[in-house]
Amino acid sequence: MEALDDLTVFVLSLLVGFEVISRVPATLHTPLMSAANAVHGVVLVGAVLIGASAHTPAGYALAFLACVFAAANVVGGYAVTDRMLHMFRPPAERAGATGEPGAPGAPGGGDGRGTGGTGAAR
Amino acid sequence: MTALEAAIGVVYLGAAACFVLGLHLMNAPPTARRGNALSAGGMGAALLATLVLVVAQGTGPTAWAVIAAGTAIGAGGGLLAALRVRMTAMPQLVSLFNAVGGGAAALIGGFEFGARSDPGAAVAAVIALDVVIGSVAFSGSLVAAGKLDGRLPGRPVLLPARAVLTALLALAAAAGTVLVAAGAGGPAPLAVAAAAALLLGVVGVLAIGGADMPVVVSLLNACTGLAVAMAGFALDNSMMVIAGALVGASGAILTKLMADAMNRPLSAVVAGGFGTGDGGPAVGGGGDVQRIGADDAAIRLAYASRVVMVPGYGLAAAQAQHELRELADLLAGRGVRVDYAVHPVAGRMPGHMNVLLAEAKVPYERMKEMEQANPDFPRTDVALVVGANDVTNPAARRPGTAISGMPILDVDKAETVIVIKRSLGHGYAGIDNELYTAPGTRMLLGDAKEALASLTAAVKALVG
C-alpha cells in the first residue's frame, strides 16, 4: 500500500512537472535548466539520511562521497542560477526606482538607460 | 508516526510546494529570480528538517563527521565554482553540477542495496534503476562538460561498431537491473549494471556533436531528476520523489523546447553523428570573399541610421561582449539606432547569449528575439555579425543541407553585412556559410575583441 502511495505521488508530480513550465521564452531556457538542476540537489537529503544510517567503513565512504556530490549540486546549482538571473533585473530595479528593495548585491543607481519591455516576448 | 515525524512531513510538503511554485515563477524574466529564491528557501527548510530528524534518531559521532565533512567540502567547492565561473563557461559548470547530482543518486542506490538484506522485488528494482539512470547521467554529463569546455573534441566521436556496442551496454544494464529485481546473484549484477551504464553515458554522449550539447545536458538533467526520484522511493522519502519527478518531467519538456528551437528532432540528437565541432577546414570554392578593414567598416557603421548587432558564440569565446556594447553605445550616442538580434541558440545554450549581453549591461529592450528582429533586417543599413555562423547561413532556407529548416536570422537582407570572424572556418554544422560570399557581405577577419576595439577606436578617430 505504501508503495502505491509513493507511485501516486510520483505520477502526479510528473504531471505537475509537465505543466509547470509551458511557454517559457528561449531567453530563460538556460536559467530554467540550471534551476531544475538545483532542485534535484534535494538528493542531499538522501545523502544525509544514508550518512546517518551508515555503520561500516564502506557505508561511510559511500555516504561521504554522496554528501560531497549532492552538496556541490545543490549549493552550486542555486548560486549559479542566481548569478544568471541577476543579469535579468527588472528595468524598474535597474533604473534605481521602486523596484524590489531586498535584492542583495544589485548595483543600485540609475544607469540612465531607458526602461521598457521586460524582454518576455511572446 | 510521532509528532516530530509529522512536523517534518509538513516541512517536506512545504518544500515541495516551493519547488513547484519556484519553477513556475521562472517562466517569465521579471519573477525568475524570486522563483529561484523561493526554491532555494524550500531546499534550506527541507535540509534543516532532515538534520532535525537525524538528530532525533541519535546519530553517532562518526556519522556526523562524515556528513559534516562531506557536505562542507561539496558546498564549499560548489559555491566557489559557481561564484568564480566566467559566464561563458557556465554551461559546462551546470553540466558538472548535474553530473555530481546523478552520481550522488547512484551512490545512494548502491548504499541502500548494501544496507538492506532483503529489499523485496519492488525496492530492488527501484534501487537498480536509480543506480543505472544516475550512472548514465553522471558519466554522460561529465563528457558533455568536457565537450563544452573544449577538453574533449566537439565533433562526434564515433567508435567502431558503436551501434552494436551501445546495444550490448544497454542490454547489460537492463539484464543487471532484472537480476537485481529478481534478487539473484548478490551485488554482482548491480555492479555490472552500473559499469555498463557508466560506459553507456560515455559512448552515447561522445557520439553527439558539440552543437547539440545543450539539448543533451538538458536531457541528462531530466535523467538525474528521475534517478533522484528513484532514490526517494528507495529511502521512502516522498519529497525526494516529488522533486525528482518534477525535474524529470519539466526537464523533458525543456529538452523538447530546446530541440524545437534548434529545429533538431530529439531522436536525431540522441542518435548523434551531427556536425563537426569547432573550426572545420577553410571555406573551399563557392565564390570569393570580400574583405574590409576596420576604418572602412567604422565609416559604414558611423554613417548608418540603423545598425543591428548579431552576436554569436565567437563573441562569447573572445569575451568581447563588453567591447560590443561599447561600440554600440558609441554609435547610439551619434544617433544611430542600434539593436541586438539574438538567435534562440546563439551562444552555447538557448538563452546563453542573453545572459552574456545582460552581463555587459546591454539594455534588455535592445535585445530582439529572432521573430522581432527578422522583419527589420530589410530596413537595416549595417548588420554587424560577430562570431555567429550557422544561425546566419542562408543555406538553411534551401532543402538538402545539414542545417536545412533551421530558423535563421535574415542578416543577408540588410544592405551591408559586416562579419567579424577569426578565420574563414566552418561553424558547428560543418558547412560553408553562403553569407560570406554574398555580394553585400564584407569580412573583417580577426579576434572579436580586438576587432571590436579597433572599430570603436576608428569610429572615435574618424568622427570625433
Side-chain angles (χ1 to χ4, degrees), chain A residues 3 6 9-10 13-14 16-18 20-21 24 26-30 32-37 39-43 45-52 54 60 62-73 75-82 84-85 87-88 90 113 116-121, chain B residues 19 23-24 26-30 32-33 36 40 50 54 59 63 66-67 70-71 73-75 77-79 82 94 97-98 100-101 103-105 107-108 111 122 218 221 224-225 228 231 235 238 241-243 245-247 249-251 261 344 349-352 354-355 358-359 363-365 369:
Chain A
D6 276 349
V9 166
F10 178 69
S13 303
L14 278 179
V16 170
F18 282 132
V20 79
I21 60 151
V24 54
T27 312
L28 282 178
H29 283 178
T30 297
L32 190 59
M33 174 163 74
S34 182
N37 179 49
V39 169
H40 67 54
V42 74
V43 72
V45 166
V48 170
L49 288 176
I50 66 165
Y60 285 132
L62 277 179
F64 174 76
L65 205 55
C67 280
V68 173
F69 279 2
N73 183 182
V75 175
Y78 278 112
V80 85
T81 308
D82 190 62
M84 269 183 242
L85 293 173
M87 317 287 178
F88 293 101
R113 264 183 248 107
T118 58
Chain B
F19 299 153
L23 278 188
H24 186 66
M26 294 215 40
N27 274 343
R33 204 162 178 220
N36 190 49
T50 307
V54 170
T59 300
V66 165
I67 292 171
T71 305
I73 291 172
L79 189 64
V94 172
F97 288 149
N98 186 45
V100 290
L107 289 170
I108 289 173
F111 178 92
S218 179
N221 192 35
T224 304
V228 170
L235 292 168
S238 57
V241 174
I242 294 175
L246 188 65
V247 174
S250 59
M349 284 194 179
H352 188 197
N354 301 72
V355 172
E359 186 193 21
Y364 223 26
E365 57 278 5
E369 293 197 19

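We name chains A, B, ... by the order of the sequence lines, and we start the count at 1 in each one. In what follows, every heavy atom counts, from backbone to side chain, and hydrogens, waters and symmetry copies are set aside.
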Exercise. State, to 0.1 Å, how close A:V20 and B:S250 come at their nearest heavy-atom pair, and which atoms those are.
Key: CG1-CB, 4.3 Å
Practice problem: Please list, chain by chain and in numerical order, all residues satisfying side-chain hydrogen bond (donor to acceptor under 3.5 Å, both in side chains) with B:S218, sequence neighbours excluded. | Solution: B:T255
Practice problem: Output the option from A:V9, A:D82, A:L49 having the highest count of non-hydrogen pairs under 4.5 Å with chain B. | Solution: A:D82
Quiz item: What heavy-atom pair brings B:V241 and A:D6 nearest, and what distance separates the two atoms?
Solution: CG1-O, 4.1 Å
Quiz item: Which heavy-atom pair separates A:A52 from B:I67 by the least distance, and what is that distance?
Solution: N-CD1, 3.7 Å
Quiz prompt | Between CE on residue B:M26 and CE on residue A:M33, distance to nearest 0.5 Å | solution = 11.0 Å
Practice problem: Working to the nearest 0.5 Å, report the span between CG of B:N221 and CG of A:N37. | Solution: 5.0 Å
Self-check item: Minimum heavy-atom distance A:A66-B:I108, with the two atoms named
Solution: CB-CG1, 4.5 Å
Quiz item: Checking heavy atoms, do the side chain of B:A122, its backbone, both or neither come under 4.5 Å from chain A?
Solution: neither
Quiz prompt | Residue B:A231 versus chain A: region with a heavy atom under 4.5 Å | solution = neither
Quiz prompt | Contact leader toward chain B among A:L14, A:V80, A:T30, A:V75, where contacts are heavy-atom pairs under 4.5 Å | solution = A:T30
Quiz item: Sequence neighbours excluded, which residues qualify as ring pair (Phe, Tyr, Trp, His ring centres under 6.0 Å) partners of A:F69?
Solution: B:F138
Quiz item: What's the shortest heavy-atom distance between A:L28 and B:A32, and which atoms?
Solution: CD2-CB, 4.4 Å
Practice problem: Output the option from B:T50, B:L107, B:N27, B:I242 having the highest count of non-hydrogen pairs under 4.5 Å with chain A. | Solution: B:N27
Quiz item: Among B:G70, B:G78, B:G103, which has the most heavy-atom pairs under 4.5 Å with chain A?
Solution: B:G70
Quiz item: Between B:L246 and A:V16, is a side-chain contact (heavy atoms from CB on, under 4.5 Å) present by the stated rule, with each step listed?
Solution: CA-CA 7 Å; B:L246 188 65; A:V16 170; 3.9 Å; yes
Practice problem: Quick one: closest heavy-atom pair of B:A63 and A:G51, and the distance? | Solution: CB-O, 3.3 Å
